[in-house]
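Scroll down for the structure; my scribbles are underneath it.
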Amino acid sequence: MPELPEVETTRRGLAPHLTGATLSEIHVRQARLRHPPDATALSTLCGQTVRALERRAKYLLMHFDTRTLIVHLGMSGSLRLLPEGEPLRPHDHVVLGFGPQQLVYHDPRRFGGFVLAHTESLPDHALFRHLGPEPLSDALTGDYLYRLSRGRRQGVKPFIMDQRIVVGVGNIYATEALFSSGIRPDRPAGRISRTRYDCLAQAIKAILSAAIEQGGTTLRDFVNGHGKPGYFAQTLQVYGREGTPCPACQRPLRLLRLGGRSSVFCASCQR
DNA sequence: ACTGGCTCCTGAGGGC
DNA sequence: TGCCCTCAGGAGCCAG
C-alpha cells in the first residue's frame with residue numbers, strides 16, 4: 001500500500017481533474033471492503049461538486065458540497081481516472097462517474113474502503129481522533145519523538161509506524177528512515193537519545209519528501225491517478241534487499257521480524 | 001498503559 | 001504441472 005507518499009501522489013494527480021467536477025453516478029460493484037461503501041448513502045452525493053481534494057495521514061478526503069468522502073487505499077488499493085465507458089478490470093470495486101470521466105477504485109486485497117462523513121466534524125471523526133501529527137509538518141520533531149518514547153520498551157520501528165505517534169510512515173519508509181539515521185529497528189524506543197531522534201525525524205521528512213517527488217514507490221501494482229507507476233523503488237537503500245551488501249559498508253543486510261513486519265537493516269551501520 | 005499477536009483478503013513466488 | 005506454504009505497501013481488535 002500506499003504509504004503517505006503514494007496517497008499524496010494520488011491526490012496531486014487527481015486534484016486538477018476532480019476539483020470543480022460534479023459527481024453524476026456511483027456504482028458499488030463489490031461492497032465487502034474493510035470500510036464497506038454504503039451505496040445508498042453515497043448516492044446522496046450525486047449532483048454535488050468536488051470542492052477540494054485533501055489528504056490526512058493515509059486517507060484521501062474528497063470534499064463535496066455538504067459531506068466529505070473519505071477513501072483509504074488499504075494495502076493494495078489505487079484510484080485511476082479513465083474516460084467514461086473504459087472497460088473495467090477485476091477488483092475494480094467502486095466507480096465514481098464525473099461526466100466524461102470515471103474514477104475507479106481498484107483494490108485486490110480489499111483492505112481499504114469508503115466512509116462518508118460530515119465535513120465540519122471531521123477532526124472528531126473516529127478515524128481521525130487519535131491520529132498523530134503529519135510527518136511533514138513542523139509538529140514532527142526529534143524532541144516530540146523523544147518525549148513520547150520515554151519509558152517505552154517497544155522497538156523504535158513499530159513505534160514510528162504507530163499512527164497515534166506519527167501518521168503516514170509505513171513499513172517501506174520506516175525501514176529506510178532507520179537505515180538513513182543509523183538506528184537499529186529493534187532498539188527500544190525509550191533507549192534512544194534526543195540527538196538521535198533529531199536525526200530520525202529529519203530522515204523521515206527527507207525520505208517521504210523525496211518519495212513524493214518521485215511519484216511514490218511501486219513494488220507490485222501501485223499506480224497514480226493516471227495509471228502510472230512511481231519511481232522511488234529504485235532509490236530504496238535496504239527495503240526488500242536482505243542478504244545483499246549494505247550500500248554503505250558492504251556487509252550483508254539482515255532481516256528481522258518486528259510486530260509481524262519484516263525489517264531489513266545493517267547490523268554494522270545501525271546501532 | 002503497553003505490547004505482541006491475530007485478523008481481514010487476494011495473488012505472487014518458491015520449494016517439492 | 002500442480003499443490004502447499006509464506007509473504008506482501010495497513011491497521012483495528014484482543015488478551016495478557
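A note on names: the letters A, B, ... follow the listed sequences, proteins ahead of strands, and every chain is numbered from 1. Values in this document were obtained by computation on a predicted structure and should not be read as measured data.
Considering only side-chain N and O atoms, A/R34 lies nowhere under 4.0 angstrom from the phosphate OP1 or OP2 of B/dT7. Residue A/Q163 has a polar side-chain atom (N or O) positioned under 4.0 Å from OP1 or OP2 of C/dA11. Under 4.0 angstrom from either OP1 or OP2 of C/dG9 there lies at least one side-chain N or O belonging to A/Y239. Not one side-chain nitrogen or oxygen of A/R220 sits closer than 4.0 Å to the OP1 or OP2 atom of C/dA8. Proximity of A/S76 to the phosphate of B/dT10: no side-chain N or O atom is located under 4.0 Å from OP1 or OP2. For A/R152 and B/dA1, the shortest distance from a side-chain N or O to OP1 or OP2 is not below 4.0 Å. At B/dT3, none of the side-chain N or O atoms of A/R164 fall inside 4.0 Å of OP1 or OP2 (strictly under the cut-off).
Base engagement by A/D221 is indicated by at least one non-hydrogen atom pair under 4.0 Å involving a base atom. Residue contacts for A/G170: at a heavy-atom cut-off of 4.0 Å it reaches the sugar-phosphate backbone alone, with no base atom in range. Counting any heavy atom pair closer than 4.0 Å across all strands shown, A/F232 reaches no nucleic acid atom. Backbone-only engagement by A/S262 is indicated by non-hydrogen atom pairs under 4.0 Å involving sugar-phosphate atoms exclusively.
Computed from coordinates, the A/F128 CZ to C/dG10 P distance equals 17 Å when rounded to whole Å. If you measure from atom OH of A/Y105 to atom C1' of B/dT10, you get 13 Å, rounded to the nearest angstrom. Remark: P of B/dG5 and CZ of A/R257 are 11 Å apart, rounded to the nearest angstrom. In this entry the distance linking CG of A/L219 with C1' of B/dT10 reads 17 Å, nearest Å. Going from atom CG of A/L73 over to atom P of B/dC8 covers 22 Å, rounded to whole Å. Distance, A/R261 CZ to C/dG12 P: 13 Å, rounded to whole Å. Here the C1' atom of nucleotide C/dG10 and the CD atom of A/E6 are 12 Å apart, to the nearest Å. Atom CG of A/L127 is separated from atom P of C/dG12 by 7 Å (rounded to the nearest Å).
Across the P atoms, B/dT7 and C/dC5 are found 16 Å apart, a figure rounded to whole Å.
A/R67 has its side chain within reach of A/H118: a pair of non-hydrogen atoms, C-beta onward, lies under 4.5 Å apart. Between A/P252 and A/R254 the shortest side-chain heavy-atom distance does not fall below 4.5 Å.
Residues A/R109 and A/G168 each lie close to DNA chain C; by heavy-atom proximity, the contact nearer the 5' end of the strand is made by A/R109.
Dense packing is recorded around CZ of A/R150, with more than 12 heavy atoms of other residues, nucleotides or ligands lying under 6.0 Å away. More than 12 heavy atoms of other shown residues, nucleotides or ligands fall within 6.0 angstrom of atom CZ in A/R29.
Picking from B/dG11, B/dC9, C/dG9 the nucleotide with the shortest atom distance to the side chain of A/H91 gives B/dG11.
Proximity of a side-chain donor or acceptor of A/E54 to a complementary backbone N or O of A/H63 within less than 3.5 Å is not detected. The closest donor-acceptor contact from the side chain of A/R241 to the backbone of A/L236 lies under 3.5 Å.
Remark: ring of A/F111 does not overlap the six-membered base ring of B/dC9 in a stacked fashion, as centroids less than 5.5 Å apart with planes less than 30° apart are not both met.
With a cut-off of 3.5 Å on both pairing distances, the Watson-Crick or G-U wobble partner of C/dG10 is B/dC8.
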